[in-house]
Structure formats: C-alpha cells, structure tokens
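Input: a single structure, listed below in structure tokens.
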Amino acid sequence: RWGTDRLVRTLLSVLREFRAANPGSARVGVADLSREHGGPFGRNFGGLGHSSHQNGLDVDILYPRRDRMELHPWTPRLIDRPLAQDLVDRFVEAGATHVFTGPRLGLRGPSGVVVALVNHDDHLHVRIP
C-alpha cells in the first residue's frame, strides 16, 4: 500500500500520540491506504467505494475496540467510543479535511470535516490534504 509522504507522516504522528495518551489500549489498525501510483480498486483491493484511496491522501483506520483486541470491530457495540472520539479529535487537530465516521457511533467534530457516513460504522476514513 502507498500514501503521500504527508499522509504517512501524519498517520504515524497521530497514532504515536494516541498510543502515548492511551498506553493501555490496543494498537490501532490501518485498513486501507492507496495502491502504489493509484490504480483501480477491484474486488481484491476493497472493491467499489474505495476510488478516493487512489490519490494517496486517504486512509481507513479501524476503531479501537472495548475489549482491546487488535481485530476489526465487526459491530458498533465492540467500539470503545471515547477512544474513537480521541482518534477523531487528533486527526482533526492534525489537519484532516475529511473524517468520515459511522452514523451509529455519535462521534462529533467540526461540521463539514467530521461527517457521519453509511458504511463507516467499522472504520474511520481520513483525508489529509
């Protein structure tokens, strides 16, 4: 997978700060970046809906789980919402232009930046300019 230098630096910085502030939490999973040099996202690369990842500016982040397992949170009840809100806040502070969150999670942030969007109850979608 691939991302712009700024995306990768921002991602690593936010996750490092998140880990330092929440030392008992599990590591945060990075789900999707981009294919190197863009390219189509066919079925074996996440399928439809991932075309925005072709620019190297977007990343999908798995929400922290309440049980601290380093696994995909298959249902919203597994998500540690205070830790998820902390991640959202940190990405906004780091300059994210878009943070898509799940509509069933109640995560908040600046209007137009943090947006509840269907199919995001199991991960954050973050865009760094």
Side-chain angles (χ1 to χ4, degrees):
R1 301 295 187 176
W2 176 86
T4 63
D5 287 344
R6 183 171 182 190
L7 174 66
V8 174
R9 280 194 310 270
T10 301
L11 176 62
L12 292 174
S13 175
V14 167
L15 295 182
R16 188 175 20 257
E17 291 170 8
F18 175 83
R19 182 71 173 162
N22 302 286
S25 65
R27 293 182 302 172
V28 175
V30 176
D32 278 325
L33 284 166
S34 174
R35 292 183 61 201
E36 189 171 3
H37 307 298
F41 262 71
R43 187 170 290 168
N44 47 329
F45 293 105
L48 296 176
H50 279 82
S51 60
S52 64
H53 287 269
Q54 293 181 38
N55 59 19
L57 303 175
D58 295 20
V59 61
D60 287 344
I61 306 293
L62 300 181
Y63 293 114
R65 290 173 49 129
R66 292 172 58 210
D67 60 9
R68 306 293 191 248
M69 299 291 293
E70 292 181 26
L71 299 171
H72 193 278
W74 298 108
T75 177
R77 74 175 182 271
L78 292 173
I79 296 169
D80 185 318
R81 292 181 193 196
L83 288 178
Q85 183 65 60
D86 185 26
L87 268 179
V88 169
D89 295 343
R90 289 175 189 280
F91 278 112
V92 168
E93 185 177 316
T97 58
H98 297 80
V99 180
F100 299 137
T101 64
R104 297 169 42 193
L105 303 178
L107 301 174
R108 302 282 181 247
S111 178
V113 175
V114 178
V115 177
L117 190 65
V118 296
N119 298 321
H120 289 83
D121 281 329
D122 62 349
H123 71 281
L124 295 171
H125 177 112
V126 177
R127 174 170 288 173
I128 300 296

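- A distance-only check finds a donor-acceptor pair linking the side chain of Q85 to the backbone of R108 [under 3.5 Å].
- Between L87 and Y63, every side-chain heavy-atom pair lies at or beyond the 4.5 Å cut-off.
- By the 4.5 Å heavy-atom criterion applied to side chains, V113 and T97 are not counted as neighbours.
- Hydrophobic cluster membership for L78: none, as no Ile, Leu, Val, Met, Phe, Trp or Tyr side chain comes under 4.5 Å of it.
- Closest non-hydrogen pair, E70 versus A26, comes out as CG-CB, 3.7 Å.
- No more than 12 heavy-atom neighbours from other residues, nucleotides or ligands sit within 6.0 angstrom of CD on E93.
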Review item, side-chain donor-acceptor pairs of residues 3-17, under 3.5 Å, at least two apart:
unit_1 : atom_1 : unit_2 : atom_2 : d
T4     : OG1    : L7     : N      : 3.1
T4     : OG1    : G56    : O      : 3.4
R6     : NH1    : P129   : O      : 3.3
T10    : OG1    : R6     : O      : 2.8
S13    : OG     : E17    : OE2    : 3.4

**Request:** Evaluate side-chain contact (heavy atoms from CB on, under 4.5 Å) for H98 paired with I128, printing each intermediate quantity in order.
**Result:** CA-CA 7 Å; H98 297 80; I128 300 296; over 6 Å; no
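- Relative orientation of the F100 and H125 rings is tilted, given thresholds of 30° and 60° on the angle between their planes.
- In this structure, I79 and A84 approach most closely via the heavy-atom pair CG2-CB, 4.0 Å.
- Between L117 and P103 the shortest side-chain heavy-atom distance does not fall below 4.5 Å.
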**Message:** Under the criterion side-chain contact (heavy atoms from CB on, under 4.5 Å), I'd like the reasoning laid out for D60 against L124: C-alpha separation, chi angles, the key distance, then a yes or no.
**Reply:** CA-CA 6 Å; D60 287 344; L124 295 171; over 6 Å; no
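- The nearest pair of heavy atoms linking V114 to G109 is CG2-CA, 3.6 Å.
- Looking at D80 and R66, no side-chain N of the basic residue comes within less than 4.0 Å of a carboxylate O on the acidic one, giving no salt bridge.
- Here CG of L62 is found 9.5 Å from CG of L71. Values are rounded to the nearest 0.5 Å.
- With hydrogens and angles disregarded, a donor-acceptor distance shorter than 3.5 Å links the side chain of D121 to the backbone of R104.
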**Asked** Between D58 and V126, is a side-chain contact (heavy atoms from CB on, under 4.5 Å) present by the stated rule, with each step listed?
**Response** CA-CA 6 Å; D58 295 20; V126 177; over 6 Å; no
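- T75 contributes atom OG1, which lies 10.0 Å from atom CZ of R65 (distance to the nearest 0.5 angstrom).
- With hydrogens and angles ignored, the 3.5 Å screen pairs no side-chain donor or acceptor of D86 with any backbone N or O of P82.
- Between the CZ atom in F91 and the OG1 atom in T101 there is a gap of 13.0 Å [rounded to 0.5 Å].
- Using a 4.5 Å heavy-atom threshold, the side chains of N22 and L83 count as touching.
- Summarising the local packing, CZ of R68 is surrounded by more than 12 heavy atoms from other residues, nucleotides or ligands at distances under 6.0 Å.
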